[in-house]
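Input: a single structure, listed below in structure tokens.
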Number of protein chains: 2
Amino acid sequence: MKNIKPIDTLSLVDKVEIRLLEFFKNNNLKPGDPIPKELEFTESLGVSRTVIREALLRLRTLGLVESKKHRGMVLTEPDIINNFSRILDPSLLGTGILKNLFELRLILEMGMADFLFERKTQKDLDELEEIVVNEEEQDSDKSHFSLDKEIAFHGKLYQISNNKTLQGFQQLLLPVFEYVHLKNEPQDFKHRYSSGRFVTHRMLMENIKVGTPETFRNAMRHHLEPHFDSIFKEEQRNSSISEV
Amino acid sequence: MKNIKPIDTLSLVDKVEIRLLEFFKNNNLKPGDPIPKELEFTESLGVSRTVIREALLRLRTLGLVESKKHRGMVLTEPDIINNFSRILDPSLLGTGILKNLFELRLILEMGMADFLFERKTQKDLDELEEIVVNEEEQDSDKSHFSLDKEIAFHGKLYQISNNKTLQGFQQLLLPVFEYVHLKNEPQDFKHRYSSGRFVTHRMLMENIKVGTPETFRNAMRHHLEPHFDSIFKEEQRNSSISEV
DNA sequence: TATTCGTATTATGTTATACATATATTATGA
DNA sequence: TCATAATATATGTATAACATAATACGAATA
């Protein structure tokens with residue numbers, strides 16, 4: 001049973017999708033360019049309109065094409081992120097991917113420093129200052145942790161980095177962040193103040209003003225310490241269990 | 001014209017998609033759980049099977065459900081990334097998003113340090129060593145830059161970080177990286193050796209072995225310097241032009 | 001008794017056709 | 001000339017029918 005190769009089990013829609021992508025590339029179509037009508041594809045590819053529609057629907061779902069109601073379809077710049085916001089609901093996800101996404105947020109915030117410093121403007125700094133002041137006024141008693149303020153501050157950082165895809169990502173990760181946060185708040189809160197090197201939003205902001213990407217990364221690492229700790233501590237717990 | 005509200009312009013498929021998602025949440029369905037048949041939805045929602053199919057197809061395209069051929073559909077853990085690899089072809093993308101994605105890669109590699117150090121194993125280090133040695137042997141004359149070796153090394157780092165979503169991301173960014181690299185190679189290559197603080201793969205590897213996340217981030221920043229520079233220099237060029 | 005084969009069942013995959021509806025263009029009428 | 005109406009067009013939706021693959025179950029065979 002060696003010289004016999006498996007037949008392709010691809011569905012017609014699969015094949016048509018591939019053909020469509022080839023067509024776009026071969027004809028060097030770019031975002032904004034109109035594409036042929038469903039019926040034209042039906043003729044040239046020799047399959048039913050349903051199949052064409054399903055293949056096109058996939059590409060639409062992924063944001064590669066857009067249908068101008070009743071007038072035709074055009075290629076579009078795929079918005080990689082926003083399509084997923086529809087389905088990325090923590091209540092629909094398994095714990096594995098939630099963990100991955102939460103980690104991804106930490107990675108992004110640790111990694112964005114250079115862009116932050118390169119692209120910050122005076123206006124950005126003023127707005128950031130306002131956010132911090134607002135936050136300090138509201139919970140001057142420091143007795144509770146406000147998720148809104150947390151999001152306002154960190155969201156502003158993403159905005160300063162001025163990368164649309166990155167910002168879209170933050171929007172995507174927001175519900176995950178909320179979800180994980182709600183589950184862990186008590187411990188988080190305790191940790192924040194038991195840590196010897198707690199870094200506040202104000203300290204981060206000052207760092208952006210007068211520091212360097214390098215100093216900022218270290219500050220951010222301490223700011224995020226509770227999250228890193230909770231991830232790593234749990235892993236150590238699990239591994240020590242499995243060793244027994 | 002105040003008391004009249006705009007009618008919803010959503011298509012039937014849009015509405016059905018929303019209903020399906022609500023259904024999944026309300027019934028607390030999780031990845032792995034089977035979902036009702038197309039015809040059952042047809043009856044309970046009162047629309048044609050066509051519409052049900054299109055709505056389900058969207059969710060399949062996004063990776064939220066999976067169809068077991070001819071046996072039904074189940075909820076799945078959405079693979080956020082891999083679905084996009086189909087359409088994320090540099091030749092189909094505009095320059096804006098390409099730039100964003102390239103930047104994203106830099107952010108990820110700068111931000112992953114803590115996970116790298118937390119999760120590295122002896123096996124990982126051995127494999128990384130092998131990659132570096134292999135690379136050094138092949139282009140001992142240092143006269144050319146091998147994309148393959150670059151990918152092997154950095155890909156291994158993603159792997160060590162042990163975050164599936166992150167690894168998927170790297171796969172996604174790979175064609176973008178290749179594309180940008182091919183366009184910029186001459187300058188890149190020159191830059192690598194004109195910079196005073198060039199950090200090789202070997203130096204990065206040694207850092208992973210004996211350093212800390214902090215030292216590694218600094219090393220990685222220097223390793224990626226050519227890329228950061230090319231992005232920031234171009235921005236400064238553009239802004240100085242627009243000021244004139 | 002256990003294995004294999006055939007068959008019924010079932011749900012998705014595919015085709016075909018018709019009609020609905022929104023948009024742009026063209027034709028019509030005052 | 002201008003507003004209105006008719007028309008063409010492309011996608012959106014509905015319906016019916018058949019194809020096909022996966023599974024389960026029962027019959028045939030050793």
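First the proteins, then the strands, lettered A, B, ... as listed; each starts at 1. Note: hydrogens, waters and symmetry copies are ignored here, and every other heavy atom, side chains too, is used.
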Review point. Can you tell which of C/dA11, D/dA14, C/dT14 lies closest to the side chain of B/Val47?
Key: D/dA14

Check your understanding: Can you check the A/Leu12 CG to C/dT12 C1' distance for me, whole Å?
Key -> 13 Å

Exercise for review: Would you kindly give the CD-to-P distance between A/Glu54 and C/dG13, to the nearest whole Å?
Suggested key: 8 Å

Practice item. Decide whether B/Ser91 and B/Asp89 meet the rule of one side-chain donor and one side-chain acceptor closer than 3.5 Å. Key: yes

Practice item. Taking only Lys NZ, Arg NE, NH1 and NH2, and the carboxylate oxygens of Asp or Glu, determine whether A/Glu127 and A/Lys123 approach each other closer than 4.0 Å. Key: yes

Review point. Going by distance alone, is a donor N or O of one side chain under 3.5 Å from an acceptor N or O of the other, for A/Gln122 and A/Asp126?
Key: yes

Exercise for review: Classify the side-chain pair B/Gln236/A/Glu118 by whether it contains a donor and acceptor separated by less than 3.5 Å.
Suggested key: yes

Review point. What is the distance from CG of A/Leu10 to C1' of D/dT20, rounded to the nearest Å?
Key: 16 Å

Exercise for review: Check every strand shown and say whether A/Ser67 touches a base, only sugar-phosphate, or nothing at a heavy-atom separation below 4.0 Å.
Suggested key: sugar-phosphate

Practice item. To the nearest Å, give me how far apart CZ (A/Arg49) and P (C/dC19) are. Key: 14 Å

Practice item. Rounded off to whole Å, could you give me the CD-to-C1' distance for the A/Glu38 and D/dG12 pair? Key: 9 Å

Exercise for review: Specify the separation, in whole Å, of atom CZ of A/Arg53 and atom P of C/dT15.
Suggested key: 15 Å

Review point. In whole angstrom, what separates B/Leu57's CG from C/dA11's P?
Key: 20 Å

Review point. For the pair made of CD1 in A/Ile52 and P in D/dT13, what is the distance, rounded to whole Å?
Key: 19 Å

Practice item. Scan B/Thr50 against the nucleic acid and name what it touches under 4.0 Å (heavy atoms): base, sugar-phosphate only, or nothing. Key: base

